[in-house]
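Worksheet: one structure, shown below.
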Amino acid sequence: MRIAVDAMGGDNAPAIEVAGAVAAAREFSIPIMLVGDTESLRAELAKHSVKGLDITIHHASEVVGMHDSASDAIRKKKDSSIRVAFEQVKQGKADAVVSAGNSGATMAAGMFVLKRLKGIDRPAIAQVFPTLHGHTVVLDVGGNVDCKPLHLVQFAIMGEVYARHVLGISRPRVGLLSNGEEDSKGNELTRETNALLKNIAFDYSGYVEGRDIFAGTIEVVVCDGFVGNIVLKLSEGLAEAVGTMLKEEIKASILSKIGYLLSRSAFMRFRKKVDYAEYGGAPLLGIDGVGMICHGGSNVKAIKNAIRFAHEYCSKGVNERMAEKLRENLTGSVQQRETGTEMAAS
């Protein structure tokens, strides 16, 4: 099971991608295919001890920049590292793609090359958040800013399967993000989606609020990509701000410094829990293959863990389970009700 790494994507490519790939190959014995400029990748590999590691290079002559549009990246840069990486999966030479490059281009390349799972209209980006009692999956966190109710239902099904089979949660609870828990709250999108989700065969908890994401009372939170991306960026900013404020307070007095030394292990555990690098990247759910989207500023640890998560995703046959769940729930009643709702609205 070989993981293709878009070695030219990201803010510090290819150094970080190569180092992360080497670490994953060494620690987890995962075969790696580095995709990008051969000369640059050989130069980076020469800086590491790679004897005995299963790491290959596949040449790609072009790079998709962070400011390139997703459509231009697919149409005009046909030999880009991200597109070539997905082509390797399509050809059966790799099993998954990991990229810290342009997220829009990564999503577009995944859809264009591998297509979508049957029953999925729009793939979604799923992000794992640490909570007081485990983890919560939030989706979509940026792939689709405008959604219909049926799209959110599809997100919910994919998120539930991901939480169950990748995160190991035996009975994930699914909630719909809204501005209150009462059925009367929300907007037109959430109210229609709420009615549809009540007919899906999983543990649906109804509306949840933003604070529930970190409380550990819900395992899957569904929203459109506009709201989800705000949740993601707000959470990242809050974690950074809290860390900076703690450092400033610790430096403020001798007693604070002594207290920190006595509680250092607790601080280290907290830092690890909120570190995005522990989760590596966000899976692109709904494509007919496996793609892992990483933060553009990912460090070596993040790339290494993204490769590990991609490998686990493949090994557990998550896409096959999603396809089965979609067939069970989105044939007949739910689609008919969603169509009827749209007709009534028009």
Side-chain angles (χ1 to χ4, degrees), residues 2-28 30-50 53-70 72-74 76-89 93-110 112-113 125 127 142 236 275-284 289-311:
R2 188 173 299 275
I3 308 301
V5 177
D6 169 18
M8 310 309 290
D11 298 341
N12 302 293
I16 296 298
E17 280 73 10
V18 171
V22 170
R26 180 179 295 118
E27 293 184 35
F28 311 126
I30 298 175
I32 305 292
M33 175 190 290
L34 295 172
V35 182
D37 179 69
T38 299
E39 186 176 340
S40 299
L41 297 181
R42 283 177 177 169
E44 284 299 327
L45 279 174
K47 300 175 183 178
H48 302 273
S49 174
V50 296
L53 302 182
D54 190 350
I55 300 176
T56 61
I57 294 175
H58 189 93
H59 182 69
S61 61
E62 296 177 300
V63 177
V64 174
M66 288 298 185
H67 299 293
D68 288 341
S69 70
D72 285 349
I74 300 305
K76 297 181 180 179
K77 295 186 176 181
K78 297 183 179 180
D79 199 43
S80 68
S81 55
I82 182 56
R83 177 167 172 172
V84 171
F86 278 110
E87 290 285 358
Q88 301 312 296
V89 175
K93 298 176 182 178
D95 298 275
V97 173
V98 171
S99 176
N102 184 314
S103 59
T106 302
M107 185 170 184
F112 181 81
V113 176
I125 302 172
Q127 181 66 52
E236 290 176 344
D275 184 8
Y276 75 91
E278 290 292 328
Y279 308 95
L284 180 55
V290 180
M292 192 71 65
I293 298 177
C294 303
H295 195 287
S298 291
N299 55 24
V300 172
K301 182 179 181 181
I303 298 297
K304 178 191 73 173
N305 283 329
I307 293 171
R308 176 171 61 88
F309 269 107
H311 186 271

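All values below were derived from every heavy atom in this structure, side-chain atoms included, with hydrogens, water molecules and symmetry-related copies excluded. Only a predicted model underlies this, so the values are computations on that prediction, with no experimental measurement involved. If you read the sequence from its start, that first residue is 1, and numbering goes on from there.
Counting only distance, with no hydrogens or angles, the side chain of Arg2 and the backbone of Pro31 share no donor-acceptor pair below 3.5 Å. In this structure a side-chain-to-backbone donor-acceptor pair under 3.5 Å is present from Arg26 to Ser49. Remark: side-chain polar atoms of Glu62 are paired, donor with acceptor, to backbone N or O of Asp79 under 3.5 angstrom.
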* Stepwise side chain to side chain contact (heavy atoms under 4.5 Å, CB included) test for Ile82 and Asn102 -> CA-CA 9 Å; Ile82 182 56; Asn102 184 314; over 6 Å; no
* Asked: Passes side chain to side chain contact (heavy atoms under 4.5 Å, CB included), Leu41 versus His59? Steps please.
  -> CA-CA 9 Å; Leu41 297 181; His59 182 69; over 6 Å; no
* To do: Applying side chain to side chain contact (heavy atoms under 4.5 Å, CB included), run through Met66 and Asp11 and close with a yes or a no.
  => CA-CA 9 Å; Met66 288 298 185; Asp11 298 341; 3.8 Å; yes
* To do: Given side chain to side chain contact (heavy atoms under 4.5 Å, CB included), test Val97 with Val89 step by step and report yes or no.
  => CA-CA 8 Å; Val97 173; Val89 175; 3.7 Å; yes
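Summarising the geometry, atom CD1 belonging to Ile32 is positioned 9.0 Å from atom OG1 belonging to Thr56; distances are rounded to the nearest 0.5 Å. A distance of 5.5 Å separates CD1 in Ile125 from CE in Met107, rounded to the nearest 0.5 Å. With rounding to the nearest 0.5 angstrom, the CE atom of Met8 is 10.5 Å from the OG atom of Ser61.
Under the side chain to side chain contact (heavy atoms under 4.5 Å, CB included) test applied with Asp6, the options Cys294, Ser81, Ser80 reduce to a single match, Ser81.
The two residues Glu44 and Pro14 make their nearest non-hydrogen contact at CG-CG, 3.8 Å.
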